[in-house]
Amino acid sequence: MGTIQAIRGTRDILPEEVTYWQTVEATARQILNDAAYREIRTPIFEQTELFERGIGEATDVVGKEMYTFADRGDRSITLRPEGTAGVVRSFVERKLFGAGNVQRLWYTGPMFRYERPQAGRQRQFHQIGVEVLGSGDPRADVEVIAIATDIFRALGLQNLRLDLNSVGNSEDRDRYRRVLIDYLTPYKAELDADSQERLDRNPLRILDSKDPRTQEIVADAPSILEYLGDASKAHFDRACQLLTDLDIPYQLNPRLVRGLDYYTHTAFEIISDDLGAQATVCGGGRYDGLVEQLGGPSTPAVGWAIGLERLILLLQQLHDLQTPPLDFYVVSRGTLAESQALGLARGLRHNGFSVELDLSGSAFGKQFKRADRSGAVACLVLGESEAAAETVNLKWLATGEQETIAQVDLRSMASQLRHQLQKHRSDQSPTVKSSASSV
RNA sequence: GCGGGCGUAGCCAAGUGGUUAAGGCAGUGGAUUGUGGUUCCACCAUUCGGGGGUUCGAAUCCCCUCGUUCGCCCCA
């Protein structure tokens, strides 16, 4: 094939779909603003070492999924596979930690992981995420979860569930790890191959294996929640209580393990059953050690990321969003009329109307056909006789009524036109869908 | 990285070895030389993702390759 195509695992978001993205972005921005989160924009590539140290050398993301290359100065560069490491790097480098200050940040943008594409998974994908840095209070965990659920609710998504777990601190995990190895070792021969490999290296991961026999074995395994230290347990219990107080339903999932090393204490996922195998739309948790790990002061933190492609997949199942309706379609014929039409369209736009100008130069019949399909409420007609008389014909497309207006009067009629448009729009057939903002 | 399905026009598609590659939607032109949504007519793939092979003959069979899709691993 001679034509150049988009790189595997990437795709174009075409105008029709962009409406969904804009809806999501506007909704999230509003909710985050109202909660005093401020946007941060960090580079989409960083030193490879940032991710190696931040996410963990042993993770799959670092081990086999990073887009890493040497730049012309022979520095090792990596396209960010997630957002938290860059935000924390910025927090440390730019010293955003004031004494006792809590930073509430959010970000959005593309992320890159070299994986085999499948439903809800691409090599370039987009996330929107939040990070609260500087608070170890369980209220921060719950605030962040509440914001995520508010975003989903504002978008009208309902069939979602919140899975919650605590992975404790490193002592808790070490203790539990030993218990788990003791429990699993007698079953070793029965575990799936991957899980056998992981028994020594990363036994917690075995908990969420999809292998049926492994699942049976794991079902009776001791729960990490029973091996949390007093402080970890108090933190988690408080977080659960606060969620209950806010009427945010959740289910404890002691087998929920997250794949990035930095997580501590609260871990959660928001999951949809309408997405196929890649069902997590939002994942996050606490990461109390990461800031220090990356050279900053010891700073507790909690955050999440929403996968926008997955979210939009769900939205598309729910709503039929269409581009905002057009006010006027301008039809013209003849040199003088065409130049007047260009100016008229511009003048109307300056008055706040949306106006599409027909550029085809084809016969009026064809231009009207296009006017019809454009979804415009009204049509402005400028032929040679109108041009000579400096008038314009205003035609209401639903009824076919036409009136002649002097071009000079068009501007002063703006508020009158607005009312008429409103009226005709409500008369129009119900094929005109609500605009994005009404979701 | 591993395993299965698929790949005919902008979109949905019929065709499963015999040659002009159905049909529908969209698009373009016309009936209607300045007035749309209906209708009617015409046009719209030297070619079946790409390359190679088998054959007198390939969209149809074989190989390679690219893409896509569903799953595994893992994650958003």
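Residue numbers start from 1 in every chain, and the chains themselves are labelled A, B, ... in the order their sequence lines are given, proteins ahead of strands. Atom set for the values below is all heavy atoms of this structure, side chains included, hydrogens, waters and symmetry mates excluded. Small disclaimer: the values here were computed from a predicted structure and weren't measured.
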For nucleotides 2-7 of chain B, which of its nitrogen or oxygen atoms have a protein nitrogen or oxygen under 3.5 Å away, and what is each distance?
from, atom 1, to, atom 2, distance (Å)
B/C2, N4, A/R116, NH1, 2.5

Taking any strand in view, what nucleotide pairs with B/U55 in a Watson-Crick or G-U wobble way, both distances under 3.5 Å? none
Pairwise distance CZ(A/R53) to CD(A/Q47) - rounded to 0.5 angstrom: 9.0 Å
My understanding is that a pair needs two contacts under 3.5 Å, Watson-Crick or G-U wobble. By that rule, which nucleotide pairs with B/G10? B/C25
Interatomic spacing from CH2 in A/W304 to CD1 in A/I147 - rounded to 0.5 Å: 7.0 Å
Pick base, sugar-phosphate or nothing for A/G334, based on heavy-atom distances below 4.0 Å to the nucleic acid. nothing
Mind calculating the distance between CG (A/D372) and C1' (B/G36) to the nearest angstrom? 5 Å
Counting the atoms with a prime plus P, OP1 and OP2 as sugar-phosphate, which does A/A119 contact under 4.0 Å by heavy atoms, base, sugar-phosphate, or nothing? sugar-phosphate
The complete set of salt bridge (Lys or Arg N to Asp or Glu O under 4.0 Å) pairs with one or both residues in residues 368-380 of chain A, sequence neighbours excluded, reads A/D358-A/R370
Applying salt bridge (Lys or Arg N to Asp or Glu O under 4.0 Å), name anything that partners A/R139, two or more places apart in sequence or on another chain. A/D137
Mind checking A/G129 for me? I need base, sugar-phosphate or nothing, with any heavy atom below 4.0 Å counting as a touch. nothing
Which nucleotide in B/C72, B/A76, B/G71 has an atom nearest any side-chain atom of A/K210: B/C72
Could you tell me how far apart A/L313 (CG) and B/U69 (P) are, to the nearest whole angstrom? 11 Å
Listed by chain and number, what are the salt bridge (Lys or Arg N to Asp or Glu O under 4.0 Å) partners of A/R205, not counting sequence neighbours? A/D208
Just checking A/L311: base, sugar-phosphate only, or nothing, at a heavy-atom cut-off of under 4.0 Å? nothing
With heavy atoms under 4.0 Å as the rule, sort A/G63 into base, sugar-phosphate or nothing. nothing
Rounded off to whole Å, could you give me the CD-to-C1' distance for the A/E16 and B/G10 pair? 12 Å
Phosphate contact (B/G71 OP1 or OP2) by A/Q118 side-chain N/O below 4.0 Å: yes
Find the distance A/K64:NZ to B/C73:P and express it as a whole number of Å. 10 Å
Rounded to whole Å, CG of A/D208 lies from P of B/C72 at a distance of 12 Å
Could you label the plane-to-plane angle of the A/Y287 and A/Y263 rings as parallel, tilted or perpendicular, counting under 30° as parallel and over 60° as perpendicular? perpendicular
Which comes earlier along RNA chain B counting from the 5' end, the contact point of A/E401 or that of A/V61, where each point is its nearest nucleotide? A/E401
For residues 321-332 of chain A, the salt bridge (Lys or Arg N to Asp or Glu O under 4.0 Å) pairs (sequence neighbours left out) are A/D327-A/R425
For nucleotides 25-28 of chain B, which of its nitrogen or oxygen atoms have a protein nitrogen or oxygen under 3.5 Å away, and what is each distance?
from, atom 1, to, atom 2, distance (Å)
B/G27, OP1, A/R373, NH1, 2.3
B/G27, OP2, A/R373, NH1, 2.4

Kindly say whether A/H126 contributes a backbone atom to a donor-acceptor pair with the side chain of A/E309 at under 3.5 angstrom? yes
On RNA chain B, compare the nucleotides closest to A/L308 and A/I7; which residue's is nearer the 5' end? A/I7
Please name the nucleotide paired to B/G1 by Watson-Crick or G-U wobble geometry with both distances under 3.5 Å, or report none. B/C72
Check salt bridge (Lys or Arg N to Asp or Glu O under 4.0 Å) between A/R161 and all other residues, then give those that pass, not counting sequence neighbours. A/D163, A/D273
By the 4.0 Å heavy-atom rule, please label A/E309 as base, sugar-phosphate, or nothing. nothing
Under 3.5 Å, which protein N or O atoms sit close to an N or O of nucleotides 30-34 of chain B? Give each pair with its distance.
from, atom 1, to, atom 2, distance (Å)
B/G34, OP2, A/R333, NE, 3.4
B/G34, O6, A/E384, N, 3.1
B/G34, O6, A/S385, N, 2.6
B/G34, O6, A/S385, OG, 2.6
B/G34, N1, A/S385, OG, 3.1
B/G34, N1, A/E386, OE1, 2.8
B/G34, N1, A/E386, OE2, 3.4
B/G34, N2, A/E386, OE1, 3.3
B/G34, N2, A/E386, OE2, 2.5

Using residues 151-159 of chain A as the side-chain source, report each donor-acceptor pair under 3.5 Å to any protein atom, sequence neighbours left out, with the distance given to one decimal.
from, atom 1, to, atom 2, distance (Å)
A/R153, NH2, A/D150, OD1, 3.3

Classify A/C282 by what it touches in the nucleic acid, base, sugar-phosphate, or nothing, heavy-atom distance under 4.0 Å. sugar-phosphate
Any strand is fair game: report the nucleotide pairing with B/A45 by Watson-Crick or G-U wobble, both distances under 3.5 Å, or none. none
Tell me, which pairs form a ring-ring contact (aromatic ring centres under 6.0 Å, His included) where one or both residues lie in residues 365-404 of chain A, sequence neighbours left out? A/W396-A/H424
Nearest-Å distance, CG (A/D194) to P (B/G1)? 17 Å
Hits for salt bridge (Lys or Arg N to Asp or Glu O under 4.0 Å) against A/R333, two or more places apart or cross-chain, chain-then-number order -> none
Distance in angstrom units between A/R8 CZ and B/G49 P, rounded: 18 Å
Ring centres within less than 5.5 Å and planes less than 30° apart: is that true of A/F125 and B/A76 in this structure? yes
Just distance, no hydrogens or angles: give the donor-acceptor pairs under 3.5 Å from side chains in residues 54-70 of chain A, sequence neighbours left out.
from, atom 1, to, atom 2, distance (Å)
A/T59, OG1, A/G56, O, 2.8
A/T59, OG1, A/V62, N, 3.3
A/T68, OG1, A/T78, OG1, 2.8

Atom pair distance, as rounded to whole Å: CD in A/Q5 and C1' in B/G67: 6 Å
Watson-Crick or G-U counterpart of B/G36, or none if no pair lies under 3.5 Å: none
Which part of the nucleic acid, if any, lies within contact of A/E269, taking any heavy atom under 4.0 Å across all strands shown: a base, the sugar-phosphate backbone alone, or nothing? nothing
Are the side chain of A/T48 and the backbone of A/S76 linked by a donor-acceptor contact shorter than 3.5 Å? yes
